[in-house]
Each structure stands twice: as C-alpha cells, then as structure tokens.
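Pasting a structure here, questions to come.
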Amino acid sequence: EVQLQASGGGLVQAGGSLRLSCAASGSTFDDFSIGWFRQAPGKEREEVACISSRGDTIIYQDSMKGRFTISSDNAKTTVYLQMNSLKPEDTAVYYCAADLGSWCYNGRAYFRMLSTWGQGTLVTVSS
C-alpha cells in the first residue's frame, strides 16, 4: 500500500518559486496516477495538476498553465510540482493524492474518492 508524504511548502513573496514534493513509501508510483490538489481557506478543494500512470501530464487551470509543472523522478518514488511566478491567490494547503490507473481526466467528483492522500503542505504567497 502506497503512502504519501508531501513537503516543500513555505512562505514566499509574490513572483517567487517553490517546488513541492510528494514522496511515496510502501510502494513506487508504478501503475499509479498522482495528482496535486489545493484548498484555500473557505474554498473548495480544487485540482492543480496530475501525472498519469502512463506519464501524461496535465495542468488543470488556465491560471496555472505556464507557471506550474508536474514531473516525476525516474525511480517513480517522488512527484514534483514546480510552481513559478507565484501569486497571493496561490496561497493554499497543497495535497498530493494517488490511486491506481489513469484517472487524471475523470473529474472532481472522482477525485474526491481517490484512495490515498498525503497530509498537505502549506504554501503562503505574500504580496
């Protein structure tokens, strides 16, 4: 059973960068798709990015495209979310999640049922 550990959050000024990591334990990410999600205070959790079990990647929102990149290490033990040109509206707790198969395009209702979630890492972007 895979377990996830998210890290890399912190306080950064607007325009800065952070790289979040989602590390697997108990298993590699073979056959898993891994997603990043975020939840800002008072808001619904939203999808950020996903890397599928086939290696396809998606950045879900137009506001993040060109600024965020998702990638995986060759050993398939860690998935990264590189966030550049950060804005105050990117402030949120960021979570990674994993489940078997290719589900990156299945939609928010499906994402709520993903089997494994990391504990979240807080990103705060100051203006």
Side-chain angles (χ1 to χ4, degrees):
E1 178 181 348
V2 68
Q3 296 176 326
L4 305 177
Q5 178 74 37
S7 62
L11 174 63
V12 64
Q13 288 188 330
S17 297
L18 283 173
R19 188 177 78 161
L20 306 184
S21 298
C22 178
S25 61
S27 175
T28 66
F29 287 144
D30 281 345
D31 301 323
F32 284 82
S33 295
I34 311 298
W36 282 99
F37 302 83
R38 71 184 187 185
Q39 188 165 20
K43 294 188 176 181
E44 187 179 5
R45 187 171 61 200
E46 60 183 0
E47 53 277 2
V48 176
C50 191
I51 183 165
S52 79
S53 55
R54 299 171 301 188
D56 304 325
T57 62
I58 180 173
I59 305 296
Y60 288 106
Q61 300 188 33
D62 289 344
S63 64
M64 303 171 189
K65 293 176 181 177
R67 300 191 299 123
F68 291 9
T69 304
I70 187 170
S71 62
S72 174
D73 67 347
N74 290 335
K76 293 191 176 181
T77 60
T78 305
V79 168
Y80 304 101
L81 182 69
Q82 178 68 42
M83 304 186 295
N84 299 327
S85 302
L86 282 162
K87 304 175 181 180
E89 51 264 43
D90 295 317
T91 294
V93 178
Y94 284 71
Y95 300 90
C96 58
D99 212 332
L100 287 168
S102 183
W103 48 260
C104 293
Y105 295 92
N106 285 10
R108 189 169 291 184
Y110 188 92
F111 299 157
R112 293 193 183 101
M113 300 184 294
L114 296 173
S115 63
T116 304
W117 291 81
Q119 84 287 4
T121 185
L122 176 62
V123 172
T124 304
V125 184
S126 63
S127 57

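On a predicted model such as this, the values are computed, not experimentally measured, just so you know.
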R38 and D90, any side-chain heavy atoms less than 4.5 Å apart: yes
Check whether any side-chain heavy atom of W103 sits under 4.5 Å from a side-chain heavy atom of C50, and report yes or no.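 Contact flag for W103/C50 side chains = yes.
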Are K43 and E89 close enough for a salt bridge, meaning some N to O gap below 4.0 Å? no
Among all residues two or more places apart in sequence or in another chain, which pass the side chain to side chain donor-acceptor pair (under 3.5 Å) test with Q3?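 Side chain to side chain donor-acceptor pair (under 3.5 Å) list for Q3, sorted by chain: empty.
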Residue set satisfying side chain to side chain donor-acceptor pair (under 3.5 Å) with T77, at least two apart, ordered chain then number -> D73
Polar contact flag, side-chain donor to acceptor under 3.5 angstrom, S53-D31: no
Any M83 side-chain heavy atom under 4.5 Å of V123 side chain: yes
Which heavy atom of A49 sits nearest a heavy atom of L81, and at what distance? CB-CD1, 4.0 Å
Name of the residue among T57, I51, T28 meeting side chain to side chain contact (heavy atoms under 4.5 Å, CB included) with S72: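 Single pass found, and it is I51.
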Quick one: side chain to side chain donor-acceptor pair (under 3.5 Å) partners of N74, sequence neighbours excluded?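 For N74 there are no side chain to side chain donor-acceptor pair (under 3.5 Å) partners, ignoring immediate neighbours.
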Of all residues at least two apart in sequence or in a different chain, which pass the side chain to side chain contact (heavy atoms under 4.5 Å, CB included) check with A6? W36, C96, Q119, T121
What residues form a ring pair (Phe, Tyr, Trp, His ring centres under 6.0 Å) with F37, not counting sequence neighbours? F111, W117
If I compare all heavy atoms of S115 with all of A98, which pair ends up nearest, and what's the gap? OG-O, 3.3 Å
Under the rule for salt bridge (charged side-chain N to carboxylate O under 4.0 Å, His left out), what residues qualify as partners of K87, not counting sequence neighbours?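 Once residues adjacent in sequence are excluded, K87 has no partner under the salt bridge (charged side-chain N to carboxylate O under 4.0 Å, His left out) criterion.
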